[in-house]
Every structure is written in structure tokens, then in C-alpha cells.
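Data block below; observations after.
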Protein chains: 2
Amino acid sequence: MRIGELARRTGVSTRALRYYEEQNLLTAERSNTGQRHYPETAVARILLVRELFTAGLSSKTIAELTPCVIDGKATPELLDRLAVERGHIDQHIVDLTHTRDRLDSVIASASASMDTGTPCQPGPASTAPA
Amino acid sequence: MRIGELARRTGVSTRALRYYEEQNLLTAERSNTGQRHYPETAVARILLVRELFTAGLSSKTIAELTPCVIDGKATPELLDRLAVERGHIDQHIVDLTHTRDRLDSVIASASASMDTGTPCQPGPASTAPA
DNA sequence: CTAAAACTTGACGTCGACGTCAAAGGCAAG
DNA sequence: CTTGCCTTTGACGTCGACGTCAAGTTTTAG
């Protein structure tokens, strides 16, 4: 498969795919005229890379970890790095959950104040009041 | 309180604080010589702003929503925006949880393969195999 | 064979959240 | 008054993940 089809099938731009290759997140066979050719497995690989980008990892980190995730090439150091990144993601989840809950209570009290017509005395969830 | 103390107490640089003001995330009194002076409540406000930045909101979005979160100034439109952002955060949590679980299974199978000495046949969690 | 579509490398542009440096003015201590 | 830290505005720099031309090949459709 060539780069255009891979782009369509993954929803990732060709520019991004070339960028991924440049960052060693992806390898490609070359035809004798220089065009990239990808195997079917490239699709899953791209989706993994996207997933890790979405999780906030940098291309450098992804480049270090994908061999482990894809091929099961795991050294103790890579497993450490993997655990560290897992920890970051976990912390991010904790933070996001906290923020979401806070927004929920803001929405709840704001909705209530709109219902009652009161100017919204902030409830116990607000951090602001002195 | 002047900008330096606020910076120390929030762990945010003075540059960032001026940037926040420029983006209308923060207001400051000015002394007759032009120096910024903040009330105690500014500390909590900064922490809220940081929380929302961490949650992936842009300064523009934060500027639109903080009046609602801080002062309870809620119009139906703001409540909508708030709910939309809550949804984004929620989706992000779902994505991150999925990625974390995937990393977990990679770590588990990689650890197992290191224990057994096998070259790590990917388990049911891997998306890669054709 | 020819025109269109797809592909190549190279290089500059973008955007957001600041970092960093510069030049100048403010403020409390000795 | 001067020393030294704090603060001011202004403006350019940065970094990552691409977007966007540009100019030239290659592949495909007719």
C-alpha cells in the first residue's frame, strides 16, 4: 500500500506520515523509484502512534516505546520507561477526573441558581472563597 | 500582593501571570506608579486557571468560562459551553484509560516473557497482529 | 502517448503558552 | 543618595506536530 491509501485508511495526512517516518515512528519499504510501500500492519501501527500522541507522549518517547509495544522487545529499561509513562497517564486521569467533577458541581449549582433565580452562592465545591 | 509574591505562591512565572492578564484570565489593580496588585483570591484563581490548562482548555476557552466558574455568572450559553468542555474532558479520560490499560497489558506480557525467557508472543490486548 | 493524479524532497509557515533578554522606572535599606 | 532587588513594557525566541506551497518524478487512466 502506498502513502495515500494509508493516509485515507488511518485518517492521518500524508505529511504526518512522512513526519512519523522522520521521527522513527514508522518504517517503509521503498520501490526502486523511491516510493514508500507499507504493509497492512502499518495501519494498526499508525493507530497506536495516534493513541500515544493523544495520551500526551512526545514523538521521541513514542519512538522509544513502540518497539516494545509492537514487537514485545522489552528490556528492563524499556519496561521502566513504560511504567513511568503509564504513571503520567494515570496522574493525568486523576487530574482530569478532578477537573470534571469540579465542572460538574459548577454546572449543578449554576443550574440550580438559574432555576431559583438566586445569584448562585457557590457551594462546597468551589475553591475560590477566602 | 505584587506579582513576584503571587508567582512564588502559585508556582507560576511572572511572565505567565502577565500573559494570563493579557488573555483576560486575570485582572489586577494598579498602583499609581503602574505596579500590579492582587488580592488573596488571585491565588485560587490562578490555580483554577492552571487546572483548566492542564485539562487541555485553551486560554480563550478559559477566559470565556472562568466568570461562570468563579463568580457563578451563568447564562444558558455558558452552561452549554461548560457542558461541552466537560464532555471533551470526559472523552479524554476514556481515551487515556484505554491507553493506560493497553500499556498495562503490554507491561504484563512483557514482564511475563522476560520471566519465561520467551520472545513475548503478544496477548489478546495487542492490536498489531494481522 | 498524454494528461491527470499521486508521489518525492525541501523548506518555510503556524499556533499556543510561555522563555528570555533589554531598557527603563519603582522602592525599601543603609 | 546609592545600592540592589522588584517591576514595567516591548519584542524576539522556542518547541512540537504538523500545514502548506514549490518544483520535480512516477504511476495510472484513457
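Sequence lines set the chain letters: A, B, ... in the order given, protein chains first and strands last, and positions in each chain run from 1.
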Length of the line joining [X]:[atom1] and [N]:[atom2], which is rounded to integer Å:
{"X": "B:Arg18", "N": "D:dG10", "atom1": "CZ", "atom2": "P", "value": "12 Å"}
{"X": "B:Glu5", "N": "C:dC27", "atom1": "CD", "atom2": "P", "value": "16 Å"}
{"X": "A:Met1", "N": "C:dC7", "atom1": "CE", "atom2": "P", "value": "12 Å"}
{"X": "B:Arg8", "N": "D:dC5", "atom1": "CZ", "atom2": "C1'", "value": "11 Å"}

Does a salt bridge link [X] with [Y], judged by any charged N lying under 4.0 Å from a carboxylate O?
{"X": "A:Glu22", "Y": "A:Arg18", "result": "no"}
{"X": "B:Glu29", "Y": "B:Arg36", "result": "no"}
{"X": "A:Arg9", "Y": "A:Glu5", "result": "yes"}
{"X": "A:Arg30", "Y": "A:Glu21", "result": "yes"}
{"X": "A:Glu85", "Y": "A:Arg81", "result": "yes"}

For this session: Report, as a single string ordered 5' to 3', how protein heavy atoms within less than 4.0 Å touch nucleotides 12-30 of chain D: B base, S sugar-phosphate only, - not at all.
Result: -----BBBB-----SS---

Exercise. So, is A:Arg36 near the phosphate of C:dT8, with a side-chain N or O under 4.0 Å from OP1 or OP2?
Worked result: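 The answer is yes; a side-chain N or O of A:Arg36 sits under 4.0 Å from OP1 or OP2.
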
For this session: Compare side-chain N and O positions of B:Arg30 against OP1 and OP2 of C:dG26 and report whether any pair is under 4.0 Å apart.
Result: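 It does not, given that no N or O in the side chain of B:Arg30 lies less than 4.0 Å from OP1 or OP2 of C:dG26.
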
For this session: Answer yes or no: is there a donor N or O on one side and an acceptor on the other, between the side chain of B:Thr61 and the main chain of B:Leu57, under 3.5 Å?
Result: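 Judged by distance alone, no pair lies under 3.5 Å.
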
